[in-house]
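Some notes on the structure that comes next.
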Amino acid sequence: MEQLRRYAIFAAVVEAGSMTGAAKSLGMTPSAVSQHISQLESLLGLPLLHRSTRRLSLTEAGEVVWQGCRALQQTLSETELRLSEVRDALLGEVRITAPVGMAGQPLALALSPLLQAHPCLTIQIIADDEKRDLIAERIDVALRVGTLPDSTLVARKLGQTRMLLCAAPAYLARKGTPRSPEALLDHDWLAADMLSGGLTFFDEKGQGHRVKPKPRVVCNNVLPLRQFTLAGQGVSLQPEGEIAEDLASGRLLELLPGFRVPPMEIHAITPQREIPEKVRRVIAALRSHFAEPVGAAATRP
């Protein structure tokens with residue numbers, strides 16, 4: 001790196017036409033500039049400059065080095081231009097990891113307009129409920145639902161999803177309909193692993209009711225739990241926007257409408273705070289989607 005610095009100082013001397021001019025532009029003393037030039041000449045084994053009291057001129061070797069410096073400057077300029085395209089243009093790949101339940105319809109609805117508007121943009125989606133190493137796997141954005149652990153990663157809140165307690169009519173015909181959170185203790189609880197330790201329901205007055213039903217089925221993803229629920233095997237919490245059609249058709253029924261559980265927050269996680277424009281636009285599209293009123297995405301044409 002020190003050698004590159006000496007070449008840069010040499011180029012500054014040639015451009016300024018003097019040691020003094022180069023020193024002024026570089027914020028150095030003329031003697032320090034002269035020392036670096038002498039070290040470069042010593043390293044190369046050839047004089048680069050003809051020195052006189054009035055002016056400096058290039059030797060034959062100096063002309064070769066100067067042409068090399070100009071070529072390097074051109075290469076750096078082209079590199080900066082390409083980097084600005086990577087930073088600012090919506091082209092190339094954005095790698096996203098998301099929970100399995102979110103990687104289908106929610107991402108398709110959120111990102112389809114962006115893909116249609118920018119044909120050179122590509123998306124790679126890694127559907128996985130396990131936490132991925134964003135840096136090692138070069139992942140640009142990770143979607144996370146629920147409470148975030150402390151981390152050096154950068155979290156941007158996208159929105160939140162309301163969770164509804166539901167069951168299939170066949171299950172309710174067999175086991176009865178719970179009328180209070182406490183009644184869930186007598187029902188078959190189909191639990192996401194993050195909620196297997198229990199949950200709190202809030203009534204219309206804001207009073208909390210903490211219950212811990214015994215899970216009949218535990219899973220780290222809501223999709224299998226939804227299938228068990230539709231099959232009449234128990235009661236589960238599901239994202240309202242994802243079961244809108246099941247509720248409308250009567251395949252699922254909402255339970256305890258007078259009670260609510262806290263919504264689940266949705267975050268976009270990135271390895272760094274500074275992100276390319278294409279990643280910024282992807283996050284903006286996700287925020288716009290998840291910030292919509294619950295169920296709006298499922299009902300829009």
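Only heavy atoms go into these numbers, but all of them, side chains included; no hydrogens, no water, no symmetry mates.
- Remark: side-chain polar atoms of Arg95 are not paired, donor with acceptor, to backbone N or O of Ala142 under 3.5 angstrom.
- In this structure His187 satisfies the ring-ring contact (aromatic ring centres under 6.0 Å, His included) test together with Tyr171, sequence neighbours excluded.
- Side-chain contact between Asp188 and Gln233 is absent, with no heavy atoms from C-beta onward closer than 4.5 Å.
- Residue pairs meeting the side chain to side chain donor-acceptor pair (under 3.5 Å) criterion with at least one partner in residues 17-27, sequence neighbours excluded, do not occur; the list is empty.
- Heavy-atom neighbours of Arg273 CZ from other residues, nucleotides or ligands within 6.0 Å: at or below the threshold of 12.
- Sorted by first and then second residue, the side chain to side chain donor-acceptor pair (under 3.5 Å) pairs involving residues 133-143 (not counting sequence neighbours) are Arg132-Glu137.
- Of all non-hydrogen atoms in Cys166 and Gln238, the two that sit nearest each other are SG-CG, 3.7 Å.
- With a 4.5 Å cut-off on side-chain heavy atoms, Met19 and Val13 count as touching.
- With sequence neighbours excluded, the residues forming a side chain to side chain contact (heavy atoms under 4.5 Å, CB included) with Leu48 are Phe10, Leu40, Glu41, Leu44, Ala61, Val65, listed by chain and number.
- Pairing each heavy atom of Phe201 with each of Leu256, the nearest pair is CE2-CD1, 4.3 Å.
- Phe202 and Leu199 end up in different hydrophobic clusters when Ile, Leu, Val, Met, Phe, Trp and Tyr side chains are linked at under 4.5 Å.
- The minimum heavy-atom distance linking Ala285 with Ala110 is given by the pair CB-O, 3.6 Å.
- Of the possible polar contacts, none joining the Lys214 side chain to the Trp189 backbone as a donor-acceptor pair under 3.5 Å is found.
- Rounded to the nearest 0.5 angstrom, Arg179 CZ and Leu255 CG are separated by 9.0 Å.
- For the side chain to side chain contact (heavy atoms under 4.5 Å, CB included) criterion with Leu107, the lone passing option out of Ile123, Leu143, Val282 is Leu143.
- With hydrogens and angles disregarded, a donor-acceptor distance shorter than 3.5 Å links the side chain of Ser249 to the backbone of Glu245.
- Atoms CD and OG, from Gln227 and Ser236 in turn, are 10.5 Å apart once rounded to the nearest 0.5 Å.
- Summarising the geometry of Ala168 relative to Thr229, their closest heavy-atom pair is CB-O, 3.2 Å, with the distance given to 0.1 Å.
- Counting only distance, with no hydrogens or angles, the side chain of Ser112 and the backbone of Ala108 share a donor-acceptor pair below 3.5 Å.
- Here Val222 is tied to no hydrophobic group at all, with no ILVMFWY side chain closer than 4.5 Å.
- Listed by chain and number, the residues in a side chain to side chain contact (heavy atoms under 4.5 Å, CB included) with Val100 are Ala127, Asp129, Asn221, Leu223 (sequence neighbours excluded).
- The minimum heavy-atom distance between Leu109 and His289, with the atom names listed, is CB-CE1, 3.7 Å.
- Taking 4.5 Å as the limit, every side-chain heavy atom of Thr97 sits out of range of all side-chain heavy atoms of Ile269.
- Linking ILVMFWY residues whenever their side-chain heavy atoms come closer than 4.5 Å, directly or via other members, leaves Val217 and Leu165 in distinct clusters.
- Under the rule for a ring-ring contact (aromatic ring centres under 6.0 Å, His included), Phe228 has no partner lying at least two apart in sequence or in another chain.
- Proximity of a side-chain donor or acceptor of Thr59 to a complementary backbone N or O of Pro47 within less than 3.5 Å is detected.
- Within 6.0 Å of CD in Gln124 there are more than 12 heavy atoms belonging to other residues, nucleotides or ligands.
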(message) With side chain to side chain contact (heavy atoms under 4.5 Å, CB included) as the criterion, how do Lys278 and Leu121 come out once you've worked through the C-alpha distance, each side chain's angles and the decisive distance to 0.1 Å?
(response) CA-CA 8 Å; Lys278 60 185 177 182; Leu121 179 68; 4.1 Å; yes

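- Contact check for Pro239 versus Met264: no side-chain heavy atoms found under the 4.5 Å cut-off.
- Applying the side chain to side chain contact (heavy atoms under 4.5 Å, CB included) criterion to Arg260, with sequence neighbours excluded, gives Arg162, Glu254.
- Under the ring-ring contact (aromatic ring centres under 6.0 Å, His included) criterion, His118 pairs with no residue, sequence neighbours left out.
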(message) If you apply the rule side chain to side chain contact (heavy atoms under 4.5 Å, CB included), what do you find for Ile139 with Ile96, and how did you get there?
(response) CA-CA 6 Å; Ile139 292 172; Ile96 304 172; over 6 Å; no

(message) Before you tell me yes or no, could you show the steps for Asp203 and His209 under side chain to side chain contact (heavy atoms under 4.5 Å, CB included), namely the whole-Å CA-CA distance, both residues' side-chain angles and the distance that decides it to 0.1 Å?
(response) CA-CA 8 Å; Asp203 60 27; His209 301 256; 3.1 Å; yes

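- Within the 4.5 Å cutoff, no side-chain heavy atoms of Leu46 are placed close to those of Val64.
- Of all heavy-atom pairs spanning Gln73 and Ala11, the tightest one is NE2-CB, 4.1 Å.
- Between Arg281 and Leu114, the closest side-chain pair of non-hydrogen atoms falls below 4.5 Å.
- Other cluster members for Leu164: Leu230, Ile243, Leu247, Leu252, joined by side-chain heavy-atom distances under 4.5 Å among Ile, Leu, Val, Met, Phe, Trp and Tyr.
- Using a 4.5 Å heavy-atom threshold, the side chains of Ile283 and Thr270 count as touching.
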(request) Would you sort out whether Gln39 and Arg6 count as a side-chain hydrogen bond (donor to acceptor under 3.5 Å, both in side chains), showing the intermediate values? (result) CA-CA 8 Å; Gln39 290 170 344; Arg6 291 183 183 125; 3.1 Å; yes

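- Val261 and Leu225 end up in different hydrophobic clusters when Ile, Leu, Val, Met, Phe, Trp and Tyr side chains are linked at under 4.5 Å.
- Under the 4.5 Å side-chain heavy-atom criterion for Ile, Leu, Val, Met, Phe, Trp and Tyr, Leu190 and Leu184 are members of distinct hydrophobic clusters.
- The salt bridge (charged side-chain N to carboxylate O under 4.0 Å, His left out) search around Lys175 returns none, not counting sequence neighbours.
- Of the inter-residue distances, the one linking His267 atom NE2 with Lys157 atom NZ reads 6.5 Å to the nearest 0.5 angstrom.
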(request) Check the pair Ile275, Val154 against side chain to side chain contact (heavy atoms under 4.5 Å, CB included), reporting the backbone distance first and the verdict last. (result) CA-CA 11 Å; Ile275 54 178; Val154 181; over 6 Å; no

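- Here the CZ atom belonging to Arg280 is positioned 7.0 Å from the CD atom belonging to Glu274, to the nearest 0.5 angstrom.
- Counting only heavy atoms from C-beta outward, the side chains of Met102 and Gln105 never approach each other to under 4.5 Å.
- Listed by first then second residue, pairs satisfying salt bridge (Lys or Arg N to Asp or Glu O under 4.0 Å) with a partner in residues 223-237 read Arg226-Glu242, not counting sequence neighbours.
- A distance of 10.5 Å separates CE in Met28 from OG in Ser34, rounded to the nearest 0.5 Å.
- Rounding to the nearest 0.5 Å places CD of Gln272 at 7.0 Å from CD1 of Ile135.
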